[in-house]
*Asks:* 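First the structure, then my questions, so here it is.
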Number of protein chains: 2
Amino acid sequence: MARVGLTTERLVRAGAELADEVGFDQVTVSALARRFDVKVASLYSHLKGSQDLRTRIALFALEELADRAADALAGRAGRDALIAFAGVYRDYAREHPGRYAAARLRLDPEAAAASAGGRHARMTRAILRGYDLTEPDQTHAVRLLGSVFHGYVSLELAGGFSHSAPDSQETWTWILDRLDTMLRDRPPA
Amino acid sequence: MARVGLTTERLVRAGAELADEVGFDQVTVSALARRFDVKVASLYSHLKGSQDLRTRIALFALEELADRAADALAGRAGRDALIAFAGVYRDYAREHPGRYAAARLRLDPEAAAASAGGRHARMTRAILRGYDLTEPDQTHAVRLLGSVFHGYVSLELAGGFSHSAPDSQETWTWILDRLDTMLRDRPPA
DNA sequence: ATGTTTGCCTAAGAGAATTAGGCAAGTGTT
DNA sequence: AACACTTGCCTAATTCTCTTAGGCAAACAT
């Protein structure tokens, strides 16, 4: 009985790849076992079960995404930071649709607290410090940016913008441009 | 063997209710059969299977949502129309989270073509006629509104805005106000 | 070499999806 | 009212995934 060398770490990484290939919904302990050419029960030494696997993939994706966002933000501010940050989300979702879907998994409170969710929120706030917003407005803006990025990326991934002109990239640029302007302008009172 | 009177129609409606109660992901032909106190195999006279059930629930939800949106739009224009239309999405998602999730199901092209997706797009364009946008800008704006509404509603449903001030309603109003202003303003060049 | 840990196994049982084939409750004809 | 006919719901069987329990041997420490 040759040992394959399973670890939770390797399983989660492989699960993330599997998600990108077949969709996060299709990630199953059975499929993962097949991928390692191992019996299903063997995974239960490393994972609590199916739900645990999904949660771990989600946490992994959130970290990876936060790392990329942090890189993109380094040395940028204002409009540049906004564009770079937004691009990270969009690119990640297109490169890794399964992981992106995983990152949107609804986590239970304890998992959420241990997740990179907080980093994401802090980075968004950091970008907004480049704009001159009062406190409640900053929170509103955090929520707006989250909504636009997530919403756009979801719809694009679902194929919503693929069969009509103008192409998606143009709209993306247009939207970021308007958001930047909106945040810069003083509210009309 | 008393006949219960199953029909595709009744099954889909019950499936939609089930989705609202336990989540769209948990909607299963088995659960649906239990709900009608009937054996699972009996549903296969009315549905092609599990995937067919989910697709039908999605189409049902899209129609229902489009009907509500059309009602809300009747007799309104401009900013009022925007606010009413957006409110329909948000309220629907909060009243019927399972159906809303169903409506976001990725449909195969033929199902998508037969869906109310086109009505949704046309209504969004109708709202934008109240603003003075050139053609490409109108398409960009359709996509922006879709992204914001969907993104906001998803995040709110996932509990993203529930544990911090200011409350979600305030942000919602703030966002719609900014969108209205943005669409009204001539672009800065 | 020896004992301990532990990685992967076999076995077994439950729930979900799907297909094939059967009987009786309805429906329509005469 | 009796006829066949359609069809709604059934039983039965197969496949697949998830999960737990318990076992053997490989890796590791000494």
Side-chain angles (χ1 to χ4, degrees), chain A residues 1-60 98-99 101-102 105-108 110-111, chain B residues 1-60 98-99 101-102 105-108 110-111:
Chain A
M1 281 134 201
R3 300 201 174 185
V4 184
L6 300 181
T7 63
T8 304
E9 177 77 14
R10 288 188 64 201
L11 287 171
V12 171
R13 288 198 123 80
E17 287 163 23
L18 186 59
D20 288 336
E21 291 164 24
V22 304
F24 185 60
D25 294 342
Q26 318 304 320
V27 172
T28 187
V29 288
S30 304
L32 199 53
R34 274 192 293 275
R35 170 160 298 215
F36 283 93
D37 201 28
V38 137
K39 297 298 172 182
V40 189
S42 306
L43 303 197
Y44 281 75
S45 320
H46 306 282
L47 300 168
K48 288 208 200 89
S50 189
Q51 187 51 54
D52 184 43
L53 172 61
R54 273 185 263 274
T55 301
R56 284 175 188 276
I57 295 174
L59 293 174
F60 172 77
R99 299 180 199 198
L105 181 67
R106 191 163 185 170
L107 298 170
D108 49 287
E110 71 159 331
Chain B
M1 283 140 201
R3 300 202 175 185
V4 183
L6 301 181
T7 63
T8 303
E9 176 78 14
R10 287 187 65 200
L11 288 171
V12 171
R13 289 199 123 80
E17 286 164 23
L18 186 59
D20 288 336
E21 291 164 24
V22 303
F24 184 59
D25 294 342
Q26 318 304 319
V27 171
T28 188
V29 288
S30 303
L32 199 53
R34 273 193 293 277
R35 172 160 298 215
F36 282 94
D37 200 27
V38 139
K39 297 297 171 183
V40 188
S42 305
L43 304 196
Y44 282 75
S45 322
H46 306 282
L47 300 168
K48 289 207 198 86
S50 189
Q51 188 50 56
D52 185 43
L53 171 61
R54 273 185 263 273
T55 300
R56 285 174 188 276
I57 295 174
L59 294 174
F60 172 77
R99 300 181 198 197
L105 180 68
R106 193 167 182 166
L107 299 170
D108 49 286
E110 71 160 333

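Throughout, a chain's letter reflects where its sequence line sits, starting with A, and its residues are numbered from 1.
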*Asks:* Starting at CZ of A:Arg56, measure out to CD of A:Gln51 and round the result to the nearest 0.5 Å.
*Replies:* 12.0 Å
*Asks:* Between B:Phe36 and B:Leu11, is any pair of side-chain heavy atoms under 4.5 Å apart?
*Replies:* yes
*Asks:* Whole-Å distance between C:dG7 P and A:Arg3 CZ?
*Replies:* 7 Å
*Asks:* Quick check on contacts: within residues 42-49 of chain A, what sits under 4.0 Å from DNA chain D by heavy-atom distance?
*Replies:* A:Tyr44, A:Gly49
*Asks:* For DNA chain C, what residues of residues 5-17 of chain B have any heavy atom nearer than 4.0 Å?
*Replies:* none
*Asks:* What pairs of residues pass the salt bridge (Lys or Arg N to Asp or Glu O under 4.0 Å) test when at least one of them lies in residues 9-25 of chain B, not counting sequence neighbours?
*Replies:* B:Glu9-B:Arg13, B:Asp20-B:Arg99, B:Glu21-B:Arg35
*Asks:* Take atom CG of A:Asp52 and atom C1' of D:dT17, then tell me their distance rounded to the nearest Å.
*Replies:* 17 Å
*Asks:* Quick one: closest heavy-atom pair of B:Leu47 and B:Thr8, and the distance?
*Replies:* CD2-CG2, 4.1 Å
*Asks:* Over all heavy atoms of both residues, which pair between A:Ala58 and A:Leu107 is shortest? Give the atoms and the distance, please.
*Replies:* CB-CD2, 4.1 Å
*Asks:* Measure CG/B:Leu53 against P/C:dA16 and give the value in whole Å, please.
*Replies:* 14 Å
*Asks:* What are the two closest heavy atoms between A:Ile57 and A:Ala102, and how far apart are they?
*Replies:* CG2-CB, 3.8 Å
*Asks:* What's the shortest heavy-atom distance between B:Thr55 and B:Ala111, and which atoms?
*Replies:* CG2-CB, 4.1 Å
*Asks:* Which listed nucleotide (D:dT19, C:dG7, C:dA17) is nearest to the side chain of A:Ser50?
*Replies:* D:dT19
*Asks:* Please indicate whether A:Asp37 has more than 12 foreign heavy atoms, meaning atoms of other residues, nucleotides or ligands, lying under 6.0 Å from its CG.
*Replies:* no
*Asks:* Note down the inter-axis angle between the two ends of the helix from C:dA1-D:dT30 to C:dA25-D:dT6, five pairs each, to the nearest 10°.
*Replies:* 10°
*Asks:* Hey, are the side chains of B:Leu43 and B:Val38 touching, using non-hydrogen atoms and a 4.5 Å cut-off?
*Replies:* yes
*Asks:* B:Ser50: what forms a side chain to side chain donor-acceptor pair (under 3.5 Å) with it, not counting sequence neighbours?
*Replies:* B:Arg54
*Asks:* Nearest heavy-atom pair of B:Tyr44 and B:Gly49: which atoms, and what distance?
*Replies:* CE2-CA, 3.8 Å
*Asks:* A:Ala31 and A:Leu18: which non-hydrogen atoms are nearest, and at how many Å?
*Replies:* CB-CD2, 3.9 Å
*Asks:* Which of residues 23-40 of chain A have a heavy atom under 4.0 Å from DNA chain C?
*Replies:* A:Val38, A:Lys39
